[in-house]
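Naming: A, B, ... by sequence-line order, numbering from 1 per chain.
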Number of protein chains: 2
Amino acid sequence: MNDAGNAALETDPAADATAEGGRRARNKAERRRRIKAAARAVFAEKGFDAATTREIAARAGIANGTLFLYAPDKVDLLMMIVNDELDPLTQASLAVLSADRPLLAQLMEFFGDRYEYWARDPRLSRSLVRETFNHDAFGDKAGPETRRFHTHRARSKARIAAILRAMQAAGNVRADADTDQAARLLWAVYLAEVHEWLNQPAPVLKDGLARLEAPLRLAVSGLQPAGG
Amino acid sequence: MNDAGNAALETDPAADATAEGGRRARNKAERRRRIKAAARAVFAEKGFDAATTREIAARAGIANGTLFLYAPDKVDLLMMIVNDELDPLTQASLAVLSADRPLLAQLMEFFGDRYEYWARDPRLSRSLVRETFNHDAFGDKAGPETRRFHTHRARSKARIAAILRAMQAAGNVRADADTDQAARLLWAVYLAEVHEWLNQPAPVLKDGLARLEAPLRLAVSGLQPAGG
DNA sequence: TTGCTTAAATGAGCATGCTCATTTATGATT
DNA sequence: AATCATAAATGAGCATGCTCATTTAAGCAA
């Protein structure tokens, strides 16, 4: 990994500690990269529960204890990976929301992108959704990546509420609806449905989306302007 | 525990194996009782996570391994207790549902009973709700008490759907609504809200119910007959 | 280069949920 | 009562997530 690592060349520290910081910083970044890759691989192969932190550490080429200097617990390893993959996707999905298009269709697009992601590795997604519900304690025990996940989820929820407010201003949503409550409702439906969908032996994307659309439509119908 | 247990009196098996079965059956029942009591106590004192199966076994006066002859895993111990306490409550709540009274009020009563139960020991309830979401695997790995819990939950959901159908027949719910989907929606709201409520440092019953009513009202409004 | 300070890595070890080969109790048979 | 078959109980032991005292490496000053 470090091809300039013999003692003779090591006399000048600057020779190795270039550009982006010293050796420490670079070693740390490199290790984090290897840990992510190892965790990704082992989780994919074995699933979250069967994966052991020992195997992840071994495959990353580090000692067991070292792993826990980079992630406070196993869950945070999973969140680390999922955050990296899900964040850009979420950002893209949120960007195309608009006040001018039908609410249900937009919701289905937004949630559909997530369903598509979950469908790529349903077993791992099932574990993630499970851990999502754990949200244990009141923030104390959660690792940084777990917190990141929930922060971004809250942002998404808020963004949906904002769109609802915009639609309200445009007259496409009942004026007397509480948009925050409505966003909570919609998200609750999404969570419950995705949970149930992923708890099937072999979740199929299309089936999941169909199961989602029905209660979502029902929830949306309560938001229609009077006489809609 | 067995006061006729000396050898001299043991010559006649019938002297001890009375009424409700032989010694084996009675020992088993007695042990199950002690295990339940021990688990109840330890869970209440330490919370689910901090409670150890070793302490439960010790307090029940049995060996460690014996515990797992009576419950396949720790979660099933919790479910055993909760089922015993929650089942009568659920049955009573379901019994008073009727097609003639306002939907929202009935839902608030039904879910309110559960909130009241959860509020008695929020820490333990939090763990239970968390495990509820685990519903791991496709039924394979779940213990009998865990399965009992989910069966009864499904029954409750079905009962709500039935009430919705009755209300539909009475003209109090939109004729074109899918009552099964509607029940799913309502239950999803309940789950999401109870989850969020219990994840606060000190959940207060009234607050929780207030937070529940809002999105529930919204969901119900989508079920009103046209022009309601 | 030599010390020295501090950050980082290490791996033995702990706690705990659960298993399983062995031991013990129970009930039936003679 | 003696013998046997089977159900049940036992506790040593395993796997694994995580900790922490100890060791090693990195940066820096002289």
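- Residue K74(A) places none of its side-chain N or O atoms closer than 4.0 Å to OP1 or OP2 of dC18(D).
- In this structure, D49(B) atom CG and dC18(D) atom C1' are separated by 15 Å, rounded to whole Å.
- Atom CG in N27(B) sits about 11 Å away from atom P in dA25(C), given to the nearest Å.
- Within the 4.0 angstrom heavy-atom criterion, no nucleotide atom of any strand lies near L67(A).
- A sub-4.0 Å separation between OP1 or OP2 of dA9(D) and a side-chain N or O of R31(B) is present.
- R54(A) contributes a side-chain N or O that forms a donor-acceptor pair with the base of dG17(D) under 3.5 Å.
- Going from atom CZ of R34(A) over to atom P of dA9(C) covers 12 Å, rounded to whole Å.
- The shortest distance between the side-chain N/O atoms of Y70(B) and the OP1/OP2 oxygens of dA8(D) is not below 4.0 Å.
- Classification of the W187(A)-F111(A) ring pair by plane angle, with boundaries at 30° and 60°, yields perpendicular.
- Using a distance-only test at 3.5 Å, with no hydrogens or angles considered, a donor-acceptor pair links the side chain of H195(A) to the main chain of F133(B).
- Across all strands, A57(A) comes closer than 4.0 Å to no nucleic acid atom at all (heavy-atom distances).
- For the OP1/OP2 pair of dC18(C) and a distance below 4.0 Å, the side-chain nitrogens and oxygens of N64(B) include no atom meeting the criterion.
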Inset, instruction - Give the C-alpha distance, both sets of side-chain angles, the deciding distance and a yes or no for side chain to side chain contact (heavy atoms under 4.5 Å, CB included) between W118(A) and L128(A). - result: CA-CA 9 Å; W118(A) 304 135; L128(A) 177 84; 3.2 Å; yes
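- What separates CD1 of I62(A) from P of dT24(D) is a distance of 18 Å, to the nearest Å.
- Each of G65(A) and V75(B) was matched to the nucleotide of DNA chain C holding its nearest heavy atom; the match closer to the 5' end belongs to G65(A).
- The CG-P distance, from L69(A) to dA7(C), rounds to 13 Å in whole Å.
- Protein atom CZ of F68(A) is 7 Å distant from nucleotide atom P of dG17(D), rounded to whole Å.
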Inset, instruction - For the pair R59(A) and E45(A), evaluate salt bridge (Lys or Arg N to Asp or Glu O under 4.0 Å) and give the outcome as yes or no after the intermediate values. - result: CA-CA 13 Å; R59(A) 206 168 312 184; E45(A) 278 172 34; 3.0 Å; yes
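- Look at T53(A) and you'll find a side-chain N or O under 4.0 angstrom from OP1 or OP2 of dG17(D).
- Heavy atoms of A71(B) sit nowhere under 4.0 angstrom from any nucleic acid atom.
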Legend entry - Check against salt bridge (Lys or Arg N to Asp or Glu O under 4.0 Å), R130(B) and D49(B): CA-CA 11 Å; R130(B) 189 219 308 154; D49(B) 293 330; 2.7 Å; yes
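- Between the NZ atom of K46(B) and the P atom of dA15(C) there is a distance of 14 Å, given to the nearest Å.
- Side-chain to base pairing of R24(B) with dT26(C): one donor and one acceptor N or O lie within less than 3.5 Å of each other.
- Between T52(A) and dT16(D), a side-chain N or O to OP1/OP2 separation shorter than 4.0 Å is absent.
- Between the NZ atom of K28(A) and the P atom of dA8(C) there is a distance of 4 Å, rounded to whole Å.
- For the 3.5 Å distance criterion, the side chains of D87(A) and H152(A) qualify, holding a donor opposite an acceptor.
- Proximity of T66(B) to the phosphate of dT10(D): a side-chain N or O atom is located under 4.0 Å from OP1 or OP2.
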